[in-house]
Amino acid sequence: MEKKYTPLEIEKRLSTFWEKKGFFHASVDREKQPFSIILPPPNANGAMHLGHAMFVYEDIMIRYQKMQGKQVFWLLGLDHAGIETQFVFEKHLKKQGKSRFDYDRDTLYQMIWDFVMQNKHVIRGQMRQLGFSLDWTKEKFTLDENVVAVVYQTFQDLFDRQLVYRAHRLVNYCTHCGTSFSDIEVADKENEGLLYYLKYPLKTGGFITVATTRPETLYGDVAVMVHPQDKRYLHLIGERVILPLIHKEIPIIANEHVDRKFGTGAVKATPAHDFEDFAVAQTHKLSYPVIIGFDGKMQNTGVVDGLRVNAAREETLKKLDALHLVDKIQPHKLVIKVCYRCGRTLEPLPKEQWYIKIRPLADQAKRLITAGQISVYPKRFTKQLIRIFDDFIDWNISRQVVWGIRIPAYFCASQKKWFVSQKPPSKCQICAGQDAKQDEDTFDTWFSSAQWPFATLQTISPEFYQYYYPTSVMETGYEILRPWVARMIMIGYFSTKQVPFRKVFLHGMVRDKQGVKMSKSKGNVIDPLKMVALYGADALRAALIFGTKEGNDTVLPEDKIVGMRNFANKIWNIGRYIKSSQKSKIKSQKLDSTNLKILQQLQKEQKQLEKKYHTEMGKYHFAKALELIYQFLWHQLADYYIEQLKEAIRSGKIEALSALKKAYLENLKMLHPYMPFVTEAVWQVFHGEDKSIIENSIS
RNA sequence: GACUGCUUAGCUCAGUUGGCUAGAGCGUCACAUUGACAUUGUGAAGGUCGGGGGUUCAAGUCCCUCAGCAGUCACCA
């Protein structure tokens, strides 16, 4: 044995060895209890980051359960990640001076496909480097033909049950990315804006002053609203206002949602470009003139057409000011909705989209949680999950991006009706004609992700699905509780009438030393693969877990990884000591009473440790279990027992050495889920390179 | 504004149902040593457990309150 543990070449050899042995090739064995985890599919649009390294929790569970005699399956999958990937790809295009508009739909799709295939290859290699015991033979991709078929079936079922419908309403639209988003994907941004007080002329003479942050939407106004009990305006309700610049007549109406204290208490209503105004227009049966296009430019105003929104605002103000209709302008803090991808302001625009009627699904999902059919760890997230179900609103699943699963819905132009067909229909299912046209849109990525646990297992085989579903644990970051976990429960139960997983285990985010979330744009990321190259995968893995609390955010200083690298070396050297001592001459002499006592003490402590270890593992206290072994191996076994027994061992007392060896090997097994490489490497030193620690059960 | 966390050693964090002198890793200081390991060993210093109040024989742990930080949601004309 080398004096130092050298992870680099050893890890490479062991990864290949494990894979060759097929330890983690899942199969159906009805004699054994199944334990399955579906890997949250990484987006196939870039390399791994530390967030992915947190999946080490899953590897710990899988290896532990395997060594407890379960039949395990850790399913590897990758996500096409619709808009995310298209966004990343467009950035690549931009570097080459191109844009998505330079290609037709099929070409663009094919180009992104190639890009994604390349990334998939990279990610697989990186996960191997981390020692993940995934089943590499059953990889799934969200765009696999049979997965898409499942997604289509689900859409069909939802459609047939009238849980999916098409509606024309306002959507959050990014004019830069060229797609709408669901409410969940919208980001808030605080902005130091301005509040403009505009004087709207009354038909009967005089003015009513409205306060607005968006003067440029004046052209789309259909009413001025005041509170029904506002004494200042009571006499004006029902009066008419003449919109400046376009001389359009609109009414003054009463609306109890108007806040009398805000601004002047009079609000302009622009239904096509404001969510609340849209609702008002529907109850008052008002029209909603669209004055901003999907290209982000003004239209149908007759005044500022073709200008972008900001330019139109300035131009409009200039014109109003010339007419002395700008009363005053105040600084005003406001929160604007921005695109979570490109950061640009989102435009509420009216568009027809597919929606999932969420209430029945969310109510059912909530019942599953409250009935304890799915338990959440850490427990505190249970409440959050229940609230998520309470607050869920209908889900817009239409996206105007090329990269995704095309929605299998067809429009009958003659009957003006939609129908769903999982295969391209030979004729229109409504009118039997030939004019049915497929929806251009693709599904929200999360729509396919929501089906991931059953879509993957069902497409492997009915046996696999039957045996491994519901999966045992869904381990993922708490930040995707709402977009992913909640939706998996809703759609999963709808489609399978079972929960998709029995337990949700949530991990926190890895932050930098300043406590800031790591992100590429902030440049504060630690590259996990760089750490693996420097200190070994075991060191990184253990550092992510050690001294943390499950579900809390963690900070990962490089020092900590170094510390764990040192621990790996300690493990190695304990083995080296025992191994080299075995070579020395063995004399079977009786141990003296002091040494006998020490051995008994060792055995007793070992027993206690094993018991504690399993208790903590059972409670998902992974950090605690790791610390137990760390403390015992290093500070008890190495620092105390070895030192105490050294003299006896040197004089050839075999009982002492074999007792140490026994305790050591048991600890290796317990440590293996955390630090698979070094434990396996030492195991093989003692048992041969064709043997594996994985084949043994943890006592 | 609502909900959920967090605030414990210089730094990063544990502390499970309240119970013996409050722990770990890293760092610091002193000493030891090349005999498995300097990616080492032994020992030490260092904390009024965010402030205040309460319950209890006993509170870092439970309750109230205040402050700071973080996250999620709602509002935002």
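Each chain gets a letter, A, B and so on, in the order the sequences are listed, and its residues count up from 1.
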Review point. Considering only the C1' atoms, how many Å lie between B:U4 and B:C26, rounded to the nearest integer?
Key: 31 Å

Check your understanding: Is any side-chain N or O of A:K560 under 3.5 Å from a base N or O of B:C26, one able to act as donor and the other as acceptor?
Key -> no

Check your understanding: So A:F622 and A:Y620, would you call those rings parallel, tilted or perpendicular, with 30° and 60° as cut-offs?
Key -> perpendicular

Exercise for review: Look at the side-chain N and O atoms of A:K549 and state whether any lies under 4.0 Å from the OP1 or OP2 oxygen of B:G15.
Suggested key: yes

Review point. By centroid distance (under 5.5 Å) and plane angle (under 30°), are A:F546 and B:G25 in a stacked arrangement?
Key: no

Practice item. Considering just the side-chain nitrogens and oxygens of A:K646, establish if one lies under 4.0 Å of OP1 or OP2 belonging to B:C37. Key: no

Point to revise | Closest nucleotide among B:C13, B:C75, B:A36 to the A:A638 side chain | key: B:A36

Review point. In Å and rounded to the nearest 0.5 Å, what is the CG to CD1 distance from A:L361 to A:I489?
Key: 12.0 Å

**Study point:** Nearest-angstrom distance, C1' atom, B:U8 to B:U61
**Key:** 12 Å

Exercise for review: Check every atom of B:G71, B:A36, B:G25 against the side chain of A:Y478 and return the nucleotide holding the closest atom.
Suggested key: B:G71

Review point. If only side-chain N and O atoms of A:N552 are considered, is one of them under 4.0 Å from the OP1 or OP2 phosphate oxygen of B:A14?
Key: yes

Practice item. Could you tell me whether the phosphate oxygens of B:C73, OP1 or OP2, come under 4.0 Å of any side-chain nitrogen or oxygen in A:R387? Key: no

Exercise for review: Could you measure between the two P atoms, the one in B:G51 and the one in B:A9, and give it in whole Å?
Suggested key: 11 Å

Review point. Nearest to the side chain of A:E643 - B:C73, B:C37, B:C76?
Key: B:C37

